[in-house]
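Worth saying up front: this structure is predicted, and the values here are computed from it rather than measured. Proteins get letters first, then strands, A, B, ... in listed order; numbering begins at 1 in each.
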Protein chains: 2
Amino acid sequence: MADSHGGESLLYLTDEQLRQGIEAMYFAYRGFTADPDRILATMAYGRAHHRAIHFINRAPGTTVTNLLEILGVTKQSLNRVLRTLIEDGLVESRVGSADRRERNLYLTEAGEALENRLSDAQRTRMRAAYRDAGPEAVSGFRRVLEAMMDKEMKRRYAALRESGQ
Amino acid sequence: MADSHGGESLLYLTDEQLRQGIEAMYFAYRGFTADPDRILATMAYGRAHHRAIHFINRAPGTTVTNLLEILGVTKQSLNRVLRTLIEDGLVESRVGSADRRERNLYLTEAGEALENRLSDAQRTRMRAAYRDAGPEAVSGFRRVLEAMMDKEMKRRYAALRESGQ
DNA sequence: TTGGAATGTCAACAAAGCTGACTTATTGTG
DNA sequence: CACAATAAGTCAGCTTTGTTGACATTCCAA
């Protein structure tokens, strides 16, 4: 029972244990996105809008190019999302002061309100999962996730972490 | 041991810490899917094909309905994927012996070959992440993921785990 | 002043999800 | 047996979110 989560020696990690980790990742990610998805479905928005809102909130004043790099999509794809958010008054795009080719992105009050709703839902689930799993599990969780990232994403993740705290 | 004094420290989980967990989950999932995605992109397949192949391999002889429940998509969506896999000779659909309305799904040799390529890539990354994070991190990782799943997905995940080992 | 960078836009397309309506077998039940 | 329910599959049409490619605009910097 105590070892049912693959805590056995790493030297003997079987394909079966790895596959369980893979499936856990798949099912957990669905839970991870389920709550925001439900909220977004009531509006004309999807996950792409959520991601844009999340990272604009995370780094207010970020440029479009920076957002493109974090999200890893094409500018056409992001632009479509950004355009609707700006039209709907959730995001504001200000011409850069230093470099006026750039656009600095900010959430409006309405944008912040939606961001709060979405991240509240996601944090609530995360908090519950952390509570269920226990404090020692949390650091392990974070360590494995970080080790699973692509190098470039790890860099961006670290940069966000530093800026946030 | 995990629960002795852990409850207290969890009370101090800040929104910032939770957000870091959320972002870690987002960036890690991208890494998690990156390797299979690269392989699939060289063929005319996508993630949906990968998921079908994965779970057919996991539970050979599974029915379409069962697969639908695991994947949580509509039959129209799954059917499109399944049809191409059958046409391409990666999946075999046999009429059920007990109930001839059912179709039992199996990977062909070619299907198994692709499954191996895909899961090898994914397992390699998972193994490396486990190694980097250390053995204690792994059980924590698994515990948090499981706690993050929807109830129904947790049930299906557990059922797969039992059948696999 | 000119090249390149940052941004934005148009058009066309694809993957993968969705709803709704329907058919065809087959099975279980009244 | 008759009929309702179930499993699977199909057609049509729609949405979201990603992709290429081509091109215009604006503006900084050499």
Practice prompt. Using salt bridge (Lys or Arg N to Asp or Glu O under 4.0 Å) as the criterion, point out the one residue from B:Arg38, B:Arg125, B:Arg30 that pairs with A:Asp150.
Written response: B:Arg125
Worksheet, complete the sentence: Between the CG atom in A:Leu160 and the CZ atom in A:Arg155, the distance rounded to the nearest 0.5 Å is 10.5 Å
Worksheet entry | Shortest non-hydrogen contact between A:Gly89 and A:Thr108, atoms and distance | O-OG1, 2.6 Å
Please report the distance, rounded to the nearest Å, between [atom1] in [X] and [atom2] in [N].
X        : N      : atom1 : atom2 : result
B:Leu105 : D:dA8  : CG    : P     : 8 Å
B:Arg100 : D:dA5  : CZ    : P     : 23 Å
B:Asn66  : D:dT6  : CG    : C1'   : 15 Å
A:Ile86  : C:dG8  : CD1   : C1'   : 11 Å
B:Arg30  : D:dG18 : CZ    : P     : 10 Å
A:His50  : D:dG18 : NE2   : C1'   : 19 Å
A:Leu82  : D:dG18 : CG    : P     : 12 Å

Fill in: Reading 5' to 3' through nucleotides 9-19 of chain C, protein heavy-atom contacts under 4.0 Å coded B for base, S for sugar-phosphate only, - for none
BB-----BBBB
Worksheet item: Nucleotide by nucleotide, 5' to 3', does protein get under 4.0 Å of the base (B), only the sugar-phosphate (S), or neither (-) in nucleotides 1-6 of chain C, counting heavy atoms?
Response: ---BBS
Item to complete: Using a strict cut-off of less than 4.0 Å between a Lys/Arg side-chain nitrogen and an Asp/Glu carboxylate oxygen, indicate whether A:Asp35 and A:Arg117 qualify as a salt bridge.
Response: no
Discussion item. Check this for me, if you would: do A:Arg156 and A:Glu152 make a salt bridge, where the nitrogen-to-carboxylate-oxygen distance has to be below 4.0 angstrom?
Written reply: yes
Worksheet item: Does A:Tyr29 have any ring-ring contact (aromatic ring centres under 6.0 Å, His included) partners at least two apart in sequence or in another chain, and if so, which?
Response: A:Phe32, B:Tyr29
Worksheet entry | A:Phe27/B:Glu146 under side-chain contact (heavy atoms from CB on, under 4.5 Å): CA gap, chis, key distance, verdict | CA-CA 8 Å; A:Phe27 287 123; B:Glu146 196 165 344; over 6 Å; no
Item to complete: Using side-chain contact (heavy atoms from CB on, under 4.5 Å) as the criterion, point out the one residue from A:Leu71, A:Thr33, A:Leu145 that pairs with B:Tyr26.
Response: A:Leu71
Fill in: Exceeds 12 heavy-atom contacts within 6.0 angstrom, atom CD of B:Glu87
yes
Worksheet item: Which part of the nucleic acid, if any, lies within contact of B:Ala98, taking any heavy atom under 4.0 Å across all strands shown: a base, the sugar-phosphate backbone alone, or nothing?
Response: sugar-phosphate
